[in-house]
Each structure stands twice: as C-alpha cells, then as structure tokens.
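Start at 1 with the first residue, then count along the sequence.
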Amino acid sequence: MVIRRRVFRTIFRNKMRFILTLTLIILSSCLYIAFNGNAQSIKDSLDEFVYNSNQEDAHFSILDDNLDIEQLEKQFSLIVQKRYYFDYKKHNADIRILSRTDQVNEYQIVQGYDLHNNNEILLDEKFATLNEYNIEDSIEIAGKVFKVTGYMTQPDYLYKVRDLQSPILNHQNFGLAVIKEDVFETLEEGYPFFSIKKKDESIDLLNVREYLAQNYHLSSWLEKDNNPRINKVMENYEVIMMVGKVVPLIILIITSILTTIIILNQIRNEYTQIGTLYALGYRRKEIIAHYLQYPIILSTTGGILGAIIGQLTGPKIVEAIFQAQFNLPLISYDINVLVISLSVMMPIVIILGVTYLSIRKILSSPPLVLMRGNNKYRVGRLESNLQLNNMKFSSKFRIKEILRNKLRMFLLIAAICFTSWLILFGSVMKDSISFVTNENFSEVYQYQYLYKLQGISDDTSIIGDKLMVTSAFVEGENQRTSFVLKGIENDNKSLRLKDKHNNLLSYDQIIISRHLSQKLDIAEGDTIVFKNTINLEEHQIVVDAVAEVYIGSTLYLPKHKLNQMVGINQNSFNQIMADQEIRNLEHINILTADNIDEVKESYYQLMEPINTFIVFLIIMSIGIGVIVIFIITSIIIENNASNISLMKILGYRDKEIYKLIINTNLIFVLIGFVLSLPLIKASLEALFKGITDSISIYLPVNLTVINVGFTLIIVLVSYEVSKLICKRKVLGVDLAYMLKQRNE
C-alpha cells in the first residue's frame with residue numbers, strides 16, 4: 001500500500017526522537033540480558049562447581065587429636081575430610097596454606113596444572129596476579145621453596161576472607177595456597193580441622209554437633225548456611241537479580257509511554273490526512289496497522305540490538321560486579337534462549353500493547369471530524385470551568401498547554417521521579433558507605449592492632465585490652481542466625497560503644513550492635529534466646545542497650561559472664577586489642593595479627609563494586625532524564641510551531657518565546673523531584689535491609705540536605721541541557737510558518 005511508504009520518511013524526519021527512544025529500548029533489553037542471562041550463567045557454573053567439588057555442609061575443629069572419622073561417617077552417613085592449614089606471612093601479605101583435598105571441598109584448577117610433587121604449590125588467581133606470582137615461578141614458604149604450577153579456586157573460600165569474625169577482604173594481602181598433605185609434616189606447621197559432607201540431605205547436622213560436643217572438646221563449628229565464605233556470593237546474586245528484573249522493566253514502561261506519546265502526537269498532527277484516507281477507502285484497521293509499524297520497528301530493532309549488545313557485554317558487566325569480591329570458578333556463559341527471547345519480546349509486547357490501546361480509541365472518530373482537525377486540542381471539563389480571563393497571557397498559555405497534554409506531563413513527572421530516585425539511591429548509599437567505613441568505624445574501634453590467639457590464655461601480664469570472643473546462634477523457623485559473642489572488660493578503652501543519642505555505654509551490661517539488632521528485630525529491653533556454638537547450651541538474656549555499631553553482628557557482654565557461659569576461667573581471653581604493636585608473644589599461639597588500617601581498607605575493597613554500580617546507576621538515570629525531557633520538549637515545540645510563528649509576527653522576541661514555550665516543564669520537573677523524596681526513604685530501608693544482611697554491614701538511611709541538593713542540581717542540569725538542545729528548534733521556526741499553515 002502507498003501508505004506504507006510514509007513510515008521511514010516520518011522516522012527519518014524525526015530521527016533524533018526515534019533514535020533516543022530506540023536507545024532506551026536497547027538499554028532495557030541489554031540490562032535484562034546482562035543481569036538475567038549472564039548472571040544466571042554464573043549461578044549455573046557455581047551450582048555445577050559446588051556439586052562436583054562436594055562442597056562442605058559444615059566444618060569443625062576439636063582440641064582432641066583422636067577423632068574416630070570412620071565411626072562418625074558410619075553413624076551419621078557423612079563424608080569427613082581431615083585437613084590442615086596455617087597462615088604464613090610474606091612481604092606484608094598473609095598466605096593461608098591448605099592441605100590438598102580429595103573428598104570434600106575439592107578445588108578447581110582455573111589455569112595451569114595440578115600438584116604432582118611435594119615441591120609444588122597452587123595459588124588463588126587474584127592473590128597471584130596482584131602479587132605477580134606467575135605459573136612456573138618459585139615461592140618460598142616456611143623455609144621451603146615451591147614451584148607455582150597453577151591457579152585454583154576453593155569451594156569453601158568463594159568469598160576469600162581470612163577471619164569470619166572480622167571479614168577482611170583484601171585480595172592482595174591475603175591469599176590461598178594448596179600443597180600436598182605430606183609436606184605439612186616436613187614444615188612442622190598446621191592446625192587440623194574437619195570438613196563434612198552429608199550423604200543424605202535429610203540428615204540433621206544438629207545431631208552431629210551434639211554428638212561431637214558430648215564426646216570431644218569441640219572448639220569450633222560452622223555450618224554452610226552461616227558461612228559467608230560460601231553463601232555470600234549467592235546472597236549478592238539474589239540482590240543483583242532483583243535489580244536486574246526491576247530496573248529494565250521500569251525503563252520499558254517509561255519507554256512505552258514515551259513511544260505512545262510520540263505516536264499520538266503524530267496522529268493529532270495528521271488528523272486531516274487520516275480523514276482523507278478514510279474518505280479514499282482505507283479501513284480503520286489498515287490505518288491502525290500503519291501507525292503500529294512505528295512501535296513495531298522501534299521495539300523489534302531495539303530488542304534485537306539490545307539482546308546482541310547484552311550478550312556481548314553482559315559477561316563483562318556481571319564479572320565487574322562479582323569477580324571483584326569473589327573467587328569464582330571457571331564460568332561457562334551459555335546462550336540462554338529463554339532470556340534472549342524475553343529480552344526481545346518484552347519491548348514488543350509492552351510497547352505495542354500500550355500504543356495499540358491508545359491509538360485505537362483516538363482513531364474511532366468519524367472521518368468528517370478528523371478531516372476538520374477539530375480534535376487536535378480537546379477542551380476538557382477542568383479547562384472549561386477555569387476562570388482564566390483575568391490572568392496574563394503567558395500564564396493562560398501555560399495552563400492550557402498543561403491541561404491539554406496531561407499524559408505528556410504525567411510521563412515527565414514519572415520519568416523525573418524515577419531519575420531522582422536512582423540518583424538519590426546512589427548518593428545516599430555512597431554517603432552511608434562512607435559514613436560506616438570512616439566515621440562510625442573510627443569512632444567505635446580505638447585500637448591499632450588486634451591479636452587473635454589459636455586457643456585461650458589467662459596471662460594477665462600481657463598489655464592491652466583483653467577480649468573473649470566466641471560464636472552463638474538463634475534458632476529461627478527456617479534457619480539459624482549466627483552472630484559473635486564478645487566478652488569485654490569493664491575498664492576497656494579500645495572499644496567505644498555509644499547509643500543513638502551519642503551517650504557512651506557502660507560495659508557491665510548486655511549490648512547488641514545495630515546490625516544484629518536489625519537482623520534479629522531486637523530492641524532495648526527485649527529478650528534474646530540463643531545457643532552457644534561450642535557446647536550448645538541455651539542462654540536467655542535481656543538486652544540492655546543497642547550500640548550504634550554498624551559493622552558486624554555482635555552481642556557484647558561482660559567478659560566474666562561470657563567465660564562463665566562457656567565454662568572457663570574468668571580471666572581467660574583469646575583476643576588482644578592494643579594501641580601499639582605487642583612484642584614477645586612467642587609464649588602464646590598467635591593465629592592472626594590485624595592492623596586496623598588494613599581492616600578499614602578491606603571494607604573499602606568490599607564496597608568498591610557497589611560504588612561502581614552506583615556510579616553506573618547515576619549515569620544511566622541522568623541519561624534517561626535527559627532523553628525524556630528532550631523528547632517531550634521537542635514535541636511541545638512541534639505542537640506550538642504555529643504559536644511560535646504567530647508570536648514572532650506579533651513582535652515577541654526569541655528570548656521571550658523560548659522562555660514561554662520551554663520553561664512550562666520546570667514545574668513538572670520539580671513535582672517529579674519532590675515526589676521522589678517520600679519514596680526514597682521507605683524503599684531504601686527495604687533495599688538496604690536486604691543488602692546489609694548479605695554484606696554484614698548496617699547501612700543507615702541518611703537523607704541529608706547535601707543528598708537532596710546534589711540530586712536537585714543533577715536533575716536541573718539535565719533539564720537545562722535538554723532545553724539548550726531544543727533551543728535551536730524554537731529559534732528555527734520562521735515567521736512564514738503561520739502563513740503557510742493558513743494557506744494549507
């Protein structure tokens with residue numbers, strides 16, 4: 001049909017408008033592929049690795065050296081792997097040396113080859129790369145020289161932190177290494193521990209733990225569900241998947257409304273031509289089909305291009321988020337036909353559906369009415385009831401422009417609200433992260449060095465503040481929530497615990513950290529019932545105060561009370577906090593020695609991927625805002641071309657016309673921004689709760705004047721940029737345009 005020839009001519013005539021709309025469709029489709037297709041590939045590869053490696057269900061250690069492994073395996077239908085480890089300090093970096101496994105937690109070689117001789121060693125790839133240890137290089141460990149044969153990843157160290165009580169993530173300063181078990185005897189190093197794997201998923205590990213506690217001196221126990229080294233990667237995956245589903249859908253909805261506005265505006269400007277086509281014999285279905293070609297071309301092209309770009313760039317996007325934190329196995333990025341199909345079909349279905357429902361009604365008018373073009377501006381009941389006669393021309397013009405284009409203004413408000421929300425989300429989270437890792441961290445932790453002992457000591461001659469640290473758990477309906485018990489002395493100076501009113505708390509009471517308080521939904525005066533991880537004894541205590549400690553799930557109590565709970569001397573301790581480095585500690589077994597600056601740096605590294613994602617969200621939201629404002633402004637200019645021409649004939653200056661036509665949108669930009677403020681606090685509290693549970697950090701929602709001001713400036717700058725881009729269109733309308741329209 002001849003009518004089909006107009007499609008590409010119209011698109012070319014308004015190419016900028018259609019290109020920007022196409023960009024939004026490509027962006028939504030690309031993000032959907034990246035987060036749902038490629039992130040799913042990471043999950044599938046992890047699931048395969050976990051299954052093939054026999055990832056542990058729990059690990060434990062005992063003070064005895066007489067565990068009957070065969071009896072334990074037979075009685076509870078388990079696979080038990082005895083392993084050894086020790087930490088070796090080399091060039092300001094700690095390397096955890098692990099014995100090779102062949103039953104539970106079998107590692108994967110990601111590059112190079114496996115161990116064959118006793119003088120060979122495997123390193124984790126991130127540590128090796130950052131410290132320039134190449135395959136075939138030599139490395140000295142505890143006086144013995146080893147050859148690096150390859151890089152590996154461990155299923156029980158996906159989130160590679162040295163200490164679970166204070167998870168320091170620093171790939172350069174902490175690494176993993178695997179050597180043959182026989183070598184431990186020659187090095188005369190190594191602490192034994194045991195990893196267990198259930199042969200039957202119906203086995204209750206609580207029975208295993210009770211058996212060990214009754215028959216052996218159980219010194220530690222950690223199940224997989226409470227082990228961040230194992231489950232943190234999946235927790236982060238769930239957060240990413242949530243974002244990956246919501247953000248592309250919102251962009252698509254905005255784009256579908258935007259496309260509908262573009263098509264409806266085109267129809268309004270072509271009423272006369274449409275009426276003529278009716279008169280020439282074209283049916284309503286044919287004309288609707290003609291106008292549906294625009295969204296079909298846009299959504300199909302955008303969906304396909306977005307799918308291609310997403311499939312090509314998706315691995316880089318998700319790796320930038322996951323690889324920075326986790327030691328992932330080899331990832332196989334498969335082509336997910338379902339996700340690709342959805343990324344192509346979603347824009348087509350949503351955009352085509354919204355457009356069809358909108359144009360079907362507008363083209364139902366009789367041909368004669370359409371030929372007269374009387375429906376271009378329909379006066380609504382609200383406009384007819386308003387008394388505008390006594391108002392200035394500029395005010396009346398703006399009010400009528402608003403009332404006659406309510407859908408256009410609604411989209412602008414929604415887009416600005418969404419844009420402001422994303423920017424506020426990024427800026428508030430960035431400020432919260434900075435506050436926690438700088439101000440709150442420095443305020444709470446007043447020591448410089450933290451020494452952790454292999455066992456316990458009661459040597460009161462050692463300088464520094466002593467801590468007794470152990471773990472506990474709360475039994476929930478579907479899970480057990482683990483946390484840290486810290487016994488502190490009343491004259492402690494290394495920890496400064498304050499309440500929400502900034503009052504220093506007394507250390508002879510029961511204090512819960514803000515993070516654990518939120519996690520367990522426990523407030524001051526509530527009772528907490530928990531079990532000690534070691535002896536499984538149940539305790540019930542009342543929380544006296546909530547400390548504004550945002551890092552770590554911790555319950556603080558007097559040291560003598562904690563020692564009484566676990567059945568040891570009241571002077572015993574297993575951690576030391578000190579302002580200066582303590583020397584001459586050879587008589588006690590030091591497990592780790594942490595510098596507080598390294599701990600702080602580890603949290604910076606932990607948050608780096610989140611900061612990168614925040615910057616991406618801010619840039620994306622600014623782009624969406626500029627695109628929507630530009631398209632709506634260009635439509636306003638197009639619809640007011642006759643008015644602009646007439647104003648020029650009447651003597652209005654370009655500056656006055658520009659201000660009258662363009663600045664009408666400012667009020668809706670401000671409305672969209674204001675509406676985003678009440679939404680952001682509630683939504684961020686919900687989002688932060690999910691995020692903080694996975695990263696063991698409580699992020700307070702601080703909607704400050706700086707956050708709000710920064711977002712408002714970004715939104716207004718985006719608005720001004722769009723105005724400047726459209727300014728040439730206003731100035732480009734000549735005086736003869738009105739005369740041409742009258743002749744036509």
Side-chain angles (χ1 to χ4, degrees), residues 4 7-8 10-11 17-44 237-238 240-264 266 285-318 332-361 407 411 414-415 418 422 616-617 620-621 623-624 627-628 631:
R4 292 178 180 172
V7 175
F8 289 101
T10 303
I11 291 175
R17 195 178 298 171
F18 284 102
I19 287 173
L20 292 176
T21 306
L22 184 67
T23 301
L24 291 179
I25 299 172
I26 291 172
L27 177 63
S28 65
S29 182
C30 178
L31 289 176
Y32 187 83
I33 283 277
F35 289 119
N36 293 276
N38 294 288
Q40 182 65 41
S41 293
I42 287 183
K43 183 180 183 298
D44 293 341
Y237 170 81
E238 294 298 331
I240 295 300
M241 289 298 287
M242 179 183 65
V243 175
K245 284 181 172 64
V246 173
V247 173
L249 185 61
I250 293 176
I251 296 174
L252 263 183
I253 292 172
I254 290 175
T255 307
S256 63
I257 298 174
L258 189 61
T259 306
T260 301
I261 289 174
I262 293 173
I263 304 302
L264 292 181
Q266 182 182 339
K285 289 183 179 179
E286 293 175 310
I287 298 175
I288 291 176
H290 164 69
Y291 283 104
L292 286 180
Q293 289 182 68
Y294 297 101
I296 289 173
I297 292 171
L298 280 172
S299 58
T300 304
T301 305
I304 293 173
L305 288 176
I308 294 172
I309 296 171
Q311 194 64 33
L312 294 174
T313 62
K316 298 296 182 184
I317 295 174
V318 294
S332 174
Y333 290 102
D334 301 323
I335 296 177
N336 192 319
V337 178
L338 177 61
V339 173
I340 292 175
S341 300
L342 285 173
S343 71
V344 175
M345 292 305 300
M346 278 173 54
I348 297 174
V349 172
I350 294 175
I351 295 175
L352 191 61
V354 173
T355 308
Y356 173 74
L357 293 174
S358 301
I359 66 176
R360 186 166 173 261
K361 182 179 180 181
L407 179 61
L411 175 63
F418 175 63
L422 281 177
F616 169 74
L617 280 179
M620 183 184 70
S621 60
I624 292 172
I627 289 173
V628 173
I631 291 176

Measure the shortest side-chain to side-chain distance between Leu298 and Ile351 over non-hydrogen atoms and say whether it is less than 4.5 angstrom.
no

Among Ile26, Val344, Ile25, Ile340, side chain to side chain contact (heavy atoms under 4.5 Å, CB included) partner for Ile304
Val344

Quick one: sort the Tyr294 and Tyr291 rings into parallel, tilted or perpendicular, breaks at 30° and 60°.
tilted

Output for pair (Ser341 OG, Met346 CE), nearest 0.5 Å, gives 12.5 Å

Smallest separation among heavy atoms of Thr313 and Cys30, with atom names
OG1-SG, 3.9 Å

Ser343 to Ser29 - nearest heavy-atom pair and separation
O-OG, 3.1 Å

Approximate separation, where rounding is to 0.5 Å, of Thr259 OG1 and Leu352 CG
10.5 Å

Indicate the atoms forming the closest heavy-atom contact of Pro347 with Gly303, along with that distance.
CG-CA, 4.3 Å

Can you tell me how far apart CD1 (Ile627) and OG1 (Thr255) are? Round to the nearest 0.5 Å.
8.5 Å

Once you round to the nearest 0.5 Å, how far does OG1 of Thr301 lie from CD1 of Ile348?
9.0 Å

To the nearest 0.5 Å, atom CD1 of Ile287 lies from atom CG of Leu292 at 12.0 Å

